[in-house]
Amino acid sequence: MIEARELTKYYGTKLAIYNVTFRVEKGEILGLLGPNAAGKTTTMRILTAYMPPTSGTAKVAGYDVLEQSLEVRRRIGYLPENVPLYPDLTVRQYLEFVAKVKGVDGRERDQHIEEVMDRVNVLDRADSLIGKLSRGYRQRVGLAQALVGNPPVLILDEPTSGLDPRQVIEVRQLIKELAGEHTVILSTHILPEVSMTCQRVVIISDGTVVAEDTPEGLARRLSGSERITVHVRGPADQVRQALERIPGVLAVHETGRVTNTVHGFALDSKVGSDVRERVAQVVVGNGWGLLELHREAMSLEEIFVRLTTTDEPVRDEPARAREGVPMR
Amino acid sequence: MRGTLAVMQKELTTYFASPLAYVVIAIFLCVSGIFFSLGLFFVREASLRSFLPNLSVILLIIVPVITMRLFAEERGSGTIELLMTYPITDTQVVLGKFLAAFVLYLVMIGFTLLYALIVIFYGRPELGPLLSGYLGVALMGACFLSLGLFASSLARSQVVAAVLAFGMLLVLWIVDAAANVLATGPAGTVLSYLSLVRHLDDPVKGVIDTRDLVYFASFIVISLFLTVRSVESARWK
């Protein structure tokens with residue numbers, strides 16, 4: 001349904017996203033997870049045909065965002081991050097405008113608007129000026145305008161930011177209900193949010209995709225282990241057993257033969273217990289050849305410490321995360 | 001078409017939902033009323049021949065106020081992001097906004113028909129020049145508005161948009177004075193053709209000249225074209 005291929009975007013000379021590639025299947029909820037300023041909004045703005053990528057292509061429902069931008073825009077509902085709305089219009093006037101612009105048929109328009117307002121629970125404020133609404137209502141009106149016209153694709157940028165905990169639960173519930181008939185991409189920097197709403201997660205950090213997984217898979221990778229890759233020349237079984245005996249190593253997976261005599265292993269170890277030295281000693285001590293030993297380049301841990309791990313948004317990201325010190 | 005009308009309607013609702021439209025119309029009528037009555041007392045002529053050209057002075061200041069918010073407000077508040085992801089073309093957006101401003105302008109100018117009625121009631125003015133004069137004022141206003149809309153598309157702040165529009169209109173106005181100074185010679189001819197206000201002379205006298213119509217039409221088309229381009233280019237930044 002949505003296909004982003006090698007999207008790159010420069011603002012002037014500043015790189016915003018680089019080689020972002022992912023797919024979203026019909027009816028799926030995909031979470032774009034990443035710290036602030038990671039490139040989530042840029043990615044969404046490209047998918048909504050608001051601005052063109054510097055290079056790469058994106059397709060929504062088979063239409064190219066650059067070449068067939070109107071066709072793409074007919075099929076998406078977009079909720080931008082800060083929910084920009086017209087303060088001088090009433091909720092109903094605004095949604096009528098959106099319905100007309102989206103080409104909702106005149107005879108069904110009124111009824112459709114009623115349904116949408118009912119769905120996001122703003123009926124009681126239908127004739128209030130948007131400028132006088134509270135943050136929670138504004139957010140819901142923003143969702144309403146995205147839903148007008150029943151677009152098959154919904155792109156929601158931080159849909160729960162600025163809401164109180166009860167409203168957050170309501171909005172998440174609503175998004176879950178929307179899946180199936182709609183394909184949804186939502187962005188967030190709140191970790192529990194993805195596990196609660198999304199079926200699949202793409203993690204963006206510093207403008208690149210660093211991981212793509214299910215929320216369960218991510219949880220496993222996050223359960224306090226660190227991954228180390230080792231290439232050893234030696235008998236696979238014996239090496240494996242020796243590695244398993246190293247204190248701090250939780251599990252050893254064989255990743256396959258590198259050459260005929262060289263085997264690759266992936267070690268899960270406890271965070272903080274840097275086992276690399278021990279691994280080297282064991283391998284060399286047994287007279288095997290150590291060809292490669294490294295900690296996985298982009299540790300998810302480092303990204304996750306910069307994410308918000310509780311439901312309450314945290315204002316300052318820990319300084320040590322920016323310096324790349326692993327989480328203890 | 002539907003998109004254009006939707007945008008127009010939204011802009012008109014916004015104009016009349018905020019005090020802007022009422023303030024603008026009230027001030028316009030106040031100043032134009034003074035112009036009208038003074039002219040009537042001094043010229044003692046039952047026509048609007050001196051009144052209609054004088055309107056351009058008021059419009060010079062009023063039109064930037066009408067147009068300043070059209071794009072600058074959307075850019076400033078970020079609503080442009082949503083507007084540009086709706087399935088309508090940039091041209092439809094520009095046309096819708098232009099038409100909304102034009103309708104507001106016509107309503108405003110429409111009130112001055114009262115002055116025409118006063119003149120008709122007390123004297124016997126020729127109706128031809130009156131009608132063609134109003135046609136000229138409507139077209140000249142459309143030119144002012146299209147330029148103001150362009151100015152608004154360049155700015156993020158409404159104040160900057162207004163000042164920009166005022167500056168551009170003022171230059172086109174000064175051109176008229178320059179044309180008077182250089183009355184003889186090719187430079188004067190060119191400048192007087194460029195002057196916006198000069199093209200009101202014929203319609204006010206009752207002459208509908210295709211040269212004036214072509215001038216007004218091309219002025220509007222070029223301004224709106226530049227506006228569309230300016231809106232488009234905002235996407236690439």
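Below, read A as the first sequence line, B as the second, and so on, with proteins coming before strands; counting in each chain starts at 1. Every value quoted in this text rests on a predicted model; they were computed, and no experiment measured them.
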Minimum heavy-atom distance between B:Thr14 and A:Leu89, given as atom pair plus value: OG1-CD2, 3.7 Å
Close side-chain approach of A:Gln145 and B:Tyr86, heavy atoms under 4.5 Å: yes
Considering all heavy atoms, the nearest B:Thr85-A:Thr48 contact: CG2-O, 3.5 Å
Heavy-atom closest pair, residues B:Arg235 and A:Ala49: NH1-O, 3.0 Å
Minimal non-hydrogen separation, B:Ser77 against A:Pro84, with atom names: O-CB, 3.7 Å
Flag if over 12 foreign heavy atoms under 6.0 Å of CZ, B:Phe16: yes
Any residue meeting salt bridge (Lys or Arg N to Asp or Glu O under 4.0 Å) with A:Arg92, in chain and number order, not counting sequence neighbours: A:Glu114, A:Asp127
Inter-chain contacts: residues 97-109 of chain A against chain B, heavy atoms under 4.5 Å: A:Phe97, A:Val98, A:Lys100, A:Val101, A:Lys102, A:Gly103, A:Val104
Full working for side-chain contact (heavy atoms from CB on, under 4.5 Å) between A:Tyr86 and B:Leu82: CA-CA 11 Å; A:Tyr86 300 105; B:Leu82 265 181; over 6 Å; no
Heavy-atom side-chain contact between A:Tyr94 and B:Lys10 under 4.5 Å: no
Whether over 12 other heavy atoms sit under 6.0 Å from A:Tyr18 OH: no
Engaged part of B:Leu5 at the chain A interface, taking heavy atoms whose separation is under 4.5 Å: neither
Portion of B:Gln9 that has a non-hydrogen atom of chain A nearer than 4.5 angstrom: side chain
B:Arg229, CZ atom: more than 12 neighbouring heavy atoms under 6.0 Å: no
Pick from B:Met84, B:Gln92, B:Glu81 with the largest number of heavy-atom pairs that fall under 4.5 Å of chain A: B:Glu81
Interface moiety of A:Tyr10 toward chain B, non-hydrogen atoms closer than 4.5 Å: neither
Name every donor-acceptor pair, under 3.5 Å, that has one atom in a side chain of residues 175-183 of chain A and the other anywhere in the protein, sequence neighbours excluded.
from: A:Lys176; atom 1: NZ; to: A:Met196; atom 2: O; distance (Å): 3.1
from: A:His182; atom 1: ND1; to: A:Pro151; atom 2: O; distance (Å): 2.6
from: A:Thr183; atom 1: OG1; to: A:Gly27; atom 2: N; distance (Å): 3.1

Portion of B:Ser18 that has a non-hydrogen atom of chain A nearer than 4.5 angstrom: side chain
Nearest heavy-atom neighbours spanning A:Gln93 and B:Thr13: NE2-CG2, 3.4 Å
Chain B contact residues among residues 37-46 of chain A, heavy-atom distance under 4.5 Å: A:Arg45
Under 4.5 Å from any heavy atom of chain A - which part of B:Thr4: neither
Under 4.5 Å from a heavy atom of chain B, the part of A:Leu70 involved: both
